[in-house]
Amino acid sequence: MSIATKYNPKETEEKWYSYWLEHKFFHSEPDEREPYTIVIPPPNVTGVLHMGHMLNNTIQDVLIRKARMQGKNACWVPGTDHASIATEAKVVTMLKEQGINKADLSREKFLEHAWEWKEKYGGIILEQLKKLGASCDWDRTRFTMEEDLSEAVIDCFIHLYKKGWIYRGYRMVNWDPLGKTSISDEEVIRKEVNQKLYYIKYFVTGSTDKYVTIATTRPETIMADAAVFVNPADERFKDLLGKKVSIPLIGREIEIMADEYVDMEFGTGCLKVTPAHDINDYELGIKYDLTPFLDILDDDGKLNEKAEILIGEDRFIARKKIAKMLEEAGNLEKVEDYKSQVGFSERTDAVIEPKVSLQWFVKMKELAQPALDSVVDGEVKLIPDKFINTYRHWMENVRDWNISRQLWWGQRIPAWYNPKDEWVVAKTREEAYEEFKKQANGTELSFSANDIRQDDDVMDTWFSSWLWPISVFDGFKNPDNPDINYYYPTNDLVTAPEILFFWVARMIMAGHEFRGEKPFSNVYLTGIVRDKIGRKMSKSLGNSPDPIGLIEQYGADGVRVGMLMSSPAGNDLMFDEAYCEQGRNFANKVWNAFRLVKGWEVDSNLENPNAQTIAWFESRFNEALTEIEHNFKQYRLSEALTASYKLVWDDFCSWYLEMVKPAYQQPVDAETKKATIQFFEQILRLLHPFMPFLTEELYHDELFGARTEKECCIVAQYPVIGSVNEELLKEAELIKTLVSEIRNVRNTRQISPKEALNLNINVQSGTDYSKWLNVISKLANISEVVFVTEKVAGAANFLVGKDEFFIPLAQNIDVDAEKERLTKELEYLEGFLKSVDAKLSNERFVQNAKADIVANERNKKAEAVSKIATIKESLAAL
RNA sequence: GGAAGCUUAGCUCAGCUGGUUCAGAGCACCUCGUUUACACCGAGGGGGUCGGGGGUUCGAAUCCCUCAGCUUCCA
């Protein structure tokens with residue numbers, strides 16, 4: 001035979017991927033068919049493929065390929081996200097390496113570099129997806145910062161501003177000193193950190209022995225203190241209220257004030273309030289008007305001149321230094337270890353600095369309501385639905401969304417300022433100038449269009465990606481175009497639970513706000529890919545395998561199967577390369593089954609001896625297909641795959657093929673070969689969504705007849721459920737059990753499979769074994785079958801159901817071993833009978849349980865009684 | 001501190017509304033097998049008192065309570 005004994009993925013993958021591309025099988029245009037649409041969660045342009053992408057995109061590809069094969073007009077829109085902080089950081093680093101400082105560049109020049117970088121590296125991740133087999137419509141590839149999509153972002157900003165849902169204001173924001181930008185609440189990751197709690201003495205003005213002690217984790221901010229607060233009910237400090245204390249080291253005086261907010265139990269009961277550097281202090285600062293709020297930190301986290309001391313020091317270095325200075329000055333009472341939650345930037349991992357600044361915000365209340373209802377009412381389904389609670393909680397407590405980012409890479413905020421810093425919101429300079437004119441109410445403006453300047457900040461990347469399902473179909477530029485009308489709302493979204501709020505919730509908001517309709521019907525939330533001992537995969541741990549390396553090692557199909565094998569929706573996946581190995585082995589199994597069938601010579605004179613077997617497999621296929629479809633409907637992909645795997649490996653290869661295959665170098669009858677080829681083709685179609693490359697490769701073999709250029713597995717019809725003969729399935733199960741029992745007899749007695757045996761059957765059940773004789777003979781190597789009505793002496797015997805089987809053995813049977821085996825079985829059956837009897841003699845059971853359950857117990861009893869009798873006879877006969 | 005979820009074979013997980021086939025699957029493991037598609041294989045096998053305790057019920061892995069452990073989300 002000319003076909004290799006092992007499937008070689010490398011040879012087929014590239015070939016078929018190009019073929020699919022060439023024939024535009026991934027491309028979709030609106031037509032009369034039902035659409036099935038997925039928009040990809042756009043990966044960052046800075047990203048490279050990691051295991052999370054592999055899982056996520058395998059799932060999307062399985063869904064899209066299946067829909068395509070089921071006759072839907074399948075459209076999977078790919079693209080990337082401009083990731084402003086991450087990309088800007090990358091570009092800044094790259095420039096630094098070239099000796100260029102961002103601060104020396106103009107905005108325009110910097111953006112030139114950034115675009116250059118994007119063109120060069122921004123498409124890597126999409127190329128990697130192709131290796132996985134992703135059948136995206138690449139003609140529709142979009143980028144969140146391309147012109148049309150950017151225009152949509154600007155228009156939405158203006159729209160929401162006019163509606164009063166975007167405002168500008170001084171607020172406490174999360175400042176990322178490394179990215180030098182503010183970020184939204186959702187981008188702050190809280191982690192527990194070991195810290196120190198410093199106890200610092202603040203002396204009462206004019207006194208050298210009277211003082212209060214405050215406990216703080218941030219001694220470097222004392223210079224920004226505005227007051228010391230105690231609880232009004234705290235007796236310890238009653239006499240100090242209204243008195244002044246001086247800040248250590250700098251001597252500035254602040255007042256001791258009272259508010260219920262202060263926890264008397266915590267620390268010393270005295271709280272220093274630093275309104276510019278803590279969100280809670282900020283609230284107190286507002287409440288008691290402790291203005292001006294002293295901000296002693298620069299944008300990069302260094303102390304500024306307002307701090308008076310340690311100017312120019314980084315906040316963490318300053319913390320250590322100031323502790324020492326306090327100690328030397330006699331103000332440090334003690335230091336304790338302390339654990340607390342600290343916020344880190346999602347993008348740069350820098351410790352977040354709370355900072356008061358002027359930013360643009362989106363009001364969330366009105367936007368959130370329809371998005372909340374949408375999920376609660378089931379218009380948008382979350383899979384698994386355990387996420388509904390989390391979603392609801394977030395939506396009900398959502399805070400306004402800070403969308404300003406102090407960066408250049410991104411869509412620039414369309415706000416324009418006149419020389420007096422008054423502002424208008426408009427799309428262009430000209431429109432802004434007109435707007436100023438309008439506001440002036442006919443009065444002559446004192447400045448020209450050239451004197452106004454645009455806001456320096458750009459918008460949060462999520463402010464563009466929340467429009468993704470609409471903007472990829474040009475739904476903003478041209479709201480009534482055929483694409484958006486046809487593809488929107490999309491069907492399924494596959495993403496990680498981590499961005500349920502960042503992205504999913506906001507897309508639902510945008511969908512309702514800008515289209516008056518949900519953006520998708522189902523959200524499939526994948527788990528996190530962890531290593532096999534449960535750790536999150538991360539660069540620093542080095543525990544993440546290289547996805548492309550895996551594909552090279554196990555083949556794309558093998559890796560796809562491996563990823564899905566262990567990933568129920570919403571559960572984390574304990575990834576182990578062994579799963580990929582299993583996937584590869586499965587591909588090889590299919591490959592070799594194919595080699596077998598391909599090798600069969602047909603003798604057209606032969607009768608078909610396999611009618612029974614063929615009928616059985618057809619039923620079994622339909623039974624499995626029913627289960628698989630059911631699993632797909634519930635998005636249980638890993639179970640759908642497992643069911644397919646077992647159907648192919650166990651039922652088709654281990655049973656069906658073994659049943660029908662001709663003896664070595666013997667021909668097969670035409671009908672059997674034809675039926676087997678048909679089954680095989682159905683199997684290829686069934687497996688295609690999971691294993692696109694292998695199935696496409698085999699699909700084109702001449703075994704299946706000539707194919708035209710466009711007849712491909714990728715667009716072949718997915719199997720349709722046919723009829724199931726339950727009786728036949730049951731009977732086949734009996735036969736399989738019988739065969740296993742005979743094999744077991746061989747195994748326990750060390751009889752070679754080559755040695756033919758005789759089989760005597762004492763039929764009690766009415767089963768017609770004669771229809772299966774050829775199968776039994778072939779699979780168990782039985783030379784002669786005799787139907788008997790009495791026990792056969794000197795033979796190994798066993799029961800299948802009610803029927804008793806005997807295998808006369810040439811060698812003497814081991815009486816003791818046989819006795820032991822039968823006694824064990826007898827003991828088990830007697831125990832079983834006892835428990836059934838106990839139920840049946842319980843009046844309350846007989847009265848309360850459903851009739852069919854009681855009847856069934858009676859059946860069990862009858863069967864057990866008859867089996868016990870048979871075994872007792874056998875024992876006596878030994 | 002608040003909320004949710006999880007705990008079933010060595011590992012990863014199925015077990016829907018309590019009752020035949022309810023204690024299962026895959027991998028791993030053990031024995032045998034170089035038989036003729038495949039050793040990336042075949043045949044057979046061992047292995048769990050369903051986290052602990054209590055309750056409801058004729059009957060609980062499944063429902064309720066409680067304790068313990070783990071995880072996630074929010075403060």
Side-chain angles (χ1 to χ4, degrees), chain A residues 1 3-7 185-186 190 279 341 384 386-394 396-397 497-498 500-501 527-528 530 532-534 554-555 558 562 565-568 570-576 578-600 630-631 634 636 638-639 641-643 645-646 649-650 653-654 657-658 661-666 730 733 739-754 779-781 835-836 838-850 852-860 863:
Chain A
M1 185 168 309
I3 316 175
T5 60
K6 287 190 170 57
Y7 168 59
D185 295 333
E186 289 70 41
R190 287 205 164 68
I279 178 71
Q341 296 280 329
K386 65 176 178 185
F387 287 106
I388 295 176
N389 276 340
T390 324
Y391 181 86
R392 184 209 306 264
H393 183 261
W394 187 75
E396 283 171 351
N397 296 285
E498 296 155 313
L500 190 57
F501 311 135
I528 298 165
R530 298 174 179 277
K532 62 179 166 185
I533 54 172
Y554 301 103
M565 209 67 121
S566 61
S567 61
N571 279 4
D572 288 359
L573 181 158
M574 305 298 163
F575 181 78
D576 187 339
Y579 287 118
C580 295
E581 199 179 319
Q582 198 181 341
R584 178 202 60 183
N585 294 354
F586 183 45
N588 197 50
K589 186 72 186 176
V590 176
W591 177 260
N592 274 292
F594 177 80
R595 285 178 68 224
L596 173 69
V597 178
K598 181 153 169 87
W600 288 348
H630 182 70
N631 286 329
Q634 298 182 291
R636 299 176 154 198
S638 104
E639 284 174 55
L641 171 61
T642 306
Y645 179 94
K646 285 197 226 170
W649 200 308
D650 299 344
C653 294
S654 297
L657 287 178
E658 293 299 333
K661 89 177 182 191
Y664 183 52
Q665 291 190 329
Q666 295 297 304
K730 264 188 211 156
E733 283 312 304
V739 168
S740 293
E741 287 287 355
I742 300 171
R743 285 169 172 170
N744 193 10
V745 166
R746 280 183 198 282
N747 244 306
T748 51
R749 291 174 179 75
Q750 306 277 322
I751 302 168
S752 158
K754 285 180 195 163
L779 297 190
N781 193 12
S835 79
V836 174
K839 276 192 202 173
L840 285 172
S841 57
N842 183 335
E843 268 176 47
R844 285 192 287 181
F845 170 72
V846 181
Q847 279 169 9
N848 295 332
K850 280 184 230 150
D852 57 325
I853 284 160
V854 177
N856 185 55
E857 290 301 314
R858 298 221 159 93
N859 259 341
K860 276 157 79 178
E863 201 157 303

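Here is the naming used below: chain letters follow the sequence lines, and residue numbers restart at 1 for every chain.
Remark: the separation of the C1' atoms in B/U7 and B/G51 is 6 Å, to the nearest Å. When the P atom is used for both B/A9 and B/G24, the distance is 13 Å, rounded to whole Å. To the nearest whole angstrom, the two C1' atoms, one in B/U31 and one in B/C67, are 44 Å apart. Spacing between B/C27 and B/C22 at atom C1', rounded to whole Å, works out to 23 Å. Using atom P as the reference point in both B/G19 and B/U62, the two lie 11 Å apart (nearest Å). Comparing the C1' positions of B/G10 and B/A28 gives an interatomic distance of 7 Å, to the nearest angstrom. The P atoms of B/U72 and B/C65 are separated by 25 Å, rounded to the nearest whole Å. B/A60 and B/A23 have their C1' atoms separated by 13 Å, given to the nearest Å.
Using the Watson-Crick or G-U wobble rule with both distances under 3.5 Å, B/U49 pairs with nothing in any strand shown. Using the Watson-Crick or G-U wobble rule with both distances under 3.5 Å, B/G26 pairs with B/C11. The partner of B/C40, taking Watson-Crick or G-U wobble pairs whose two distances both stay under 3.5 Å, does not exist in any strand shown. Pair check for B/U20 finds none; no Watson-Crick or G-U wobble contact set falls under 3.5 Å.
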> Base, backbone or nothing for each nucleotide of nucleotides 18-27 of chain B, written B, S, -, heavy atoms under 4.0 angstrom, 5' to 3'?
Replying inline: -BB----SSS

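Remark: P of B/A14 and NE2 of A/His630 are 15 Å apart, rounded to the nearest angstrom. Put simply, NZ on A/Lys661 is 12 Å from P on B/U35, counting in whole angstrom units. Between the C1' atom of B/C13 and the CG atom of A/Asn631 lies a distance of 14 Å, rounded to the nearest Å. Here the P atom of nucleotide B/C6 and the CE atom of A/Met574 are 15 Å apart, to the nearest Å. Distance, A/Asn747 CG to B/G42 C1': 11 Å, rounded to whole Å. Between the C1' atom of B/C41 and the CD atom of A/Glu658 lies a distance of 11 Å, rounded to the nearest Å. Going from atom CG of A/Asn397 over to atom C1' of B/G2 covers 11 Å, rounded to whole Å. Nucleotide B/U36 holds its P atom 8 Å from the OH atom of A/Tyr664, rounded to whole Å.
Put simply, A/Asn585 has no side-chain N or O that comes within less than 4.0 Å of OP1 or OP2 on B/C38. OP1 or OP2 of B/G15 lies within a sub-4.0 Å distance of a side-chain N or O belonging to A/Arg636.
Inter-residue side-chain proximity for A/His393 and A/Asn389 is flagged as unmet; no heavy-atom pair is nearer than 4.5 Å. You'll find the side chain of A/Asn588 stays beyond 4.5 Å of the side chain of A/Thr5, heavy atoms only. Put simply, the side chain of A/Arg584 does not reach to within 4.5 Å of the side chain of A/Tyr7, judged on heavy atoms.
For A/Arg595 against B/C38, a side-chain-to-base donor-acceptor contact under 3.5 Å is absent. A/Lys589 contributes a side-chain N or O that forms a donor-acceptor pair with the base of B/C38 under 3.5 Å.
The minimum heavy-atom distance linking A/Gln582 with A/Tyr645 is given by the pair NE2-OH, 3.3 Å. The minimum heavy-atom distance linking A/Asn631 with A/Ala643 is given by the pair ND2-CB, 4.5 Å. The two atoms that bring A/Ala4 and A/Trp591 nearest to each other are O-NE1, 2.8 Å, heavy atoms only. Closest heavy-atom contact between A/Leu657 and A/Ala593: CD1-CB, 3.8 Å. Between A/Thr390 and A/Lys386, the shortest heavy-atom distance links the atoms OG1-O, 4.0 Å.
Between A/Glu498 and A/Phe586, the residue anchored closer to the 5' end of RNA chain B is A/Phe586, taking for each the nucleotide with the nearest heavy atom. Residue whose closest nucleotide on RNA chain B sits further toward the 5' end, between A/Lys6 and A/Val739: A/Lys6.
Side chain of A/Ala593, nearest nucleotide from B/A43, B/A37, B/A14: B/A37. The side chain of A/Pro753 lies closest to B/U35, out of B/U35, B/G45, B/A4.
Within 4.0 Å of A/Arg743, counting heavy atoms only, lie sugar-phosphate atoms of the nucleic acid but no base atom. Residue contacts shown for A/Ser740 are limited to sugar-phosphate atoms, with no base heavy atom under 4.0 Å away.
Evaluation of the salt bridge (Lys or Arg N to Asp or Glu O under 4.0 Å) rule for A/Asp650 yields no partner, not counting sequence neighbours.
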